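Notes follow once the structure below has been shown.
Predicted model, so just to flag it, every value in this text is computed and none were measured. Atoms within a ligand are numbered from 1 in the order they appear, just like the ligands themselves.
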Amino acid sequence: MAKSAESWGSRLGLILAMAGNAVGLGNFLRFPVQAVENGGGAFIIPYLVCFLLMGIPLLFIEWSSGRYGGKFGNHSTPYILDTMIKGRVFKYIGVFGIFTNLAIVAYYAYIESWTLSYVYHSLRGTFEGMSQGEVAGFFNSYVDVTRSSTGIPYEAIVFYVLCLAFNTYILSKGIKGVEKVAKIGMPLLILFGVVLAIRGYTLGDSGASALFPDANAWDGLNFLWTPQYDSLLNPKVWLAAAGQIFFTLSVGMGTIHCYASYVKSKDDIALNSVSAGFMNGFVEVVLGSAIVIPIAAGYLGLDWVINNAGFGMAFQTMPYLFQQWGPVLAAVGGVMWFGLLFFSGITSSLAMGTPWLGFMRDEFGWTTKKGAWSFGALALFMGLPTVFFFQKGVFDDYDYWAGTVSLVFFAFFEVITYSWVFGMNKGWEEINAGADIRVPLAYKYVIKFVTPVLLGWVFLASLPSMLDKITHQDTFNRDSFAEVYYAENFDRSGNALGTVEEVNPQYIKFSFEN
Ligand code: PHE
Ligand code: NA
């Protein structure tokens, strides 16, 4: 294998690219929904514990594995694992770190393309004078490609192809292209995010109307931030928190290994990994929780938010709420909100492309251009089902199996191989080599014992819900009004009804019709 000369241009570039990889649609669309569905303040403690005991350790493992593999000219998990531990099995499991990305990008880039289209429509003033119902209807007809009445026929497909083409073009410029996009996108994202979050923090009850006289943004913030200790014993909340930590930090996917393989062997990874991880946390917890939920609560009330939590809120509600600011500010708000979503999305979807490029080069000597175009073509091929069958729940299946189960599986495998096969003494040396901070020694033991046990538990405790998925059933908690409402009315993609069966007074089981 030829030693690749590619590496990050600067430390700032590396941190912004890694933060860009982590900061994504997950921070703004997934986190608020997960928090609301899991009891608001009840969610935040498990979330922080999972961050410290699983998130940070996995960041250390993946950054150091990546830099280690990079020394030998490897840029994808099969080869990186192969350099660390000899043995075919490991190499094959490493393939997860490539294909998970392809499966995720297929639906992820689709949402990313919506944000692009919504920037366009915010600028054009499409939402001007629309009622809340009309804004929601616009979204529904947008994703229903065959009946699209948004003004451009097959608009969703047009923007999807555009979005993938854009990703492909940047990837064809190699790691330097990714770095450049992060350097432009991340500061803009933070700027837009801060402005919108200030609106969220200051809206108060000034959005209340005759229809929603009690609406108050502070109710949304209090709901998210008042800790509720009783739910600490609820495994469902812990699983959701762990899942969110994995998804949001992009661990268990192979993208961090790949980015870290371009770090020079003498450069720090300890401080860098923690910085990128905290930046993601800041964007998620401080900015991500201060936009959709409080702004929606400020105009429509907290009850409405709880009953309608879903990521459609970002597209079905926000453009309508921005209209309350007058036409000019509505356009500004729309461009900022969807623009920030777009930047967060593209810096993540680019990350999902790099393991494929790295692998094709390591294994077959493909050029960056060839890798990029083949990636674009594959993503398009795998993504078309989500575009055409969006209403049929294909989307949810991708997100569940690729965006959740596979991450936990791969992360569990990784932590075991790192601390028990590669060996924790060697591992600890790798983490600390070139380090600009002293990593607390406790982490050596956390990585060796605590993280694997927790991860194993998460995996085992998720088995029942995996079975439910396979058998097209879902169990809902009666305490959660949102879930029951959802279960009694819709299938997972929001249309056809299924049958509801009572398991016990606490839980109901929902069987989907197909
Ligand atoms: N971490 C990203 C987010 O929060 C998602 C992601 C998944 C990024 C896989 C890279 C790889 O949206
Ligand atoms: Na994230």
Side-chain angles (χ1 to χ4, degrees), residues 15-35 47 50-51 54-56 58-59 62-63 66 76-77 96-112 114-115 167 171 178 181-182 185-186 189-190 193 241-260 273 275-289 291-292 311 314 340-358 375 379 382-383 398-411:
I15 294 192
L16 289 178
M18 276 285 197
N21 174 348
V23 173
L25 300 170
N27 299 53
F28 297 99
L29 305 180
R30 203 174 188 275
F31 175 78
V33 174
Q34 291 293 320
Y47 174 88
C50 290
F51 176 65
M54 294 198 277
I56 297 275
L58 279 158
L59 288 178
E62 298 194 346
W63 276 74
S76 60
T77 45
F96 261 83
I98 296 168
F99 286 100
T100 304
N101 290 291
L102 282 171
I104 295 181
V105 82
Y107 70 86
Y108 200 90
Y110 185 37
I111 309 179
E112 192 179 311
W114 301 349
T115 68
N167 273 277
L171 281 173
V178 172
V181 171
M186 289 307 285
L189 178 162
I190 303 239
Q244 178 60 21
I245 283 294
F246 282 101
F247 191 85
T248 193
L249 289 175
S250 314
V251 296
M253 324 232 183
T255 57
I256 294 182
H257 308 74
C258 181
Y259 275 23
S273 62
S275 309
F278 271 87
M279 192 135 143
N280 179 66
F282 168 80
V283 173
E284 180 148 299
V285 168
V286 180
L287 303 183
S289 68
I291 302 176
V292 191
F311 87 21
L340 103 85
L341 288 179
F342 177 70
F343 287 131
S344 77
I346 192 159
T347 47
S348 295
S349 57
L350 289 172
M352 294 174 211
T354 52
W356 170 265
L357 267 78
F375 170 76
M382 292 183 67
Y398 270 74
D399 186 48
Y400 185 73
W401 294 107
T404 314
V405 176
S406 138
L407 311 189
V408 176
F409 175 79
F410 189 65

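Separation of atoms OG (S250) and CG (L58) is listed at 12.0 Å; rounding is to 0.5 Å. For the atom pair CG of L29 and CD1 of I111, the computed distance is 6.5 Å after rounding to the nearest 0.5 Å.
Not one N, O or S atom of F247 sits under 3.0 Å from the Na ion (ligand 2). Distance check for S250 against the Na ion (ligand 2): none of its N/O/S atoms falls below 3.0 Å. Note on N280: counted as a metal contact of the Na ion (ligand 2), an N/O/S atom lying under 3.0 Å. Within the 3.0 Å limit, T248 places at least one N, O or S atom next to the Na ion (ligand 2).
Scanning the protein heavy atoms around atom 8 (C) of ligand 1, the nearest turns out to be S250 OG, 3.1 Å. With hydrogens left out, the protein atom closest to atom 7 (C) of ligand 1 is M253 CE, 3.3 Å, a heavy atom. Protein heavy atom at the shortest distance from atom 4 (O) of ligand 1 is A22 O, 3.1 Å.
Using a 4.0 Å cut-off to heavy atoms of T248, the atoms of ligand 1 that qualify are 1 (N), 4 (O). Under a 4.0 Å criterion applied to the non-hydrogen atoms of M352, ligand 1 contributes the atoms 6 (C), 7 (C), 8 (C), 9 (C), 10 (C), 11 (C). Distances below 4.0 Å separate heavy atoms of Y108 from the following atoms of ligand 1: 2 (C), 3 (C), 5 (C), 12 (O). Interface of G26 with ligand 1, defined as ligand atoms under 4.0 Å from a residue heavy atom, comprises 3 (C), 4 (O), 12 (O).
Scanning all heavy atoms of the two residues, the minimum distance from V285 to F31 falls at CG2-CZ, 4.3 Å. Counting all heavy atoms, side chain and backbone alike, T77 lies closest to I98 at OG1-N, 4.4 Å.
For the pair S348 (side chain) and G20 (backbone), a donor-acceptor distance under 3.5 Å is present. In this structure a side-chain-to-backbone donor-acceptor pair under 3.5 Å is present from T115 to E112. The backbone N or O of A276 sits nowhere less than 3.5 Å from a side-chain atom of N280 that would complete a donor-acceptor pair.
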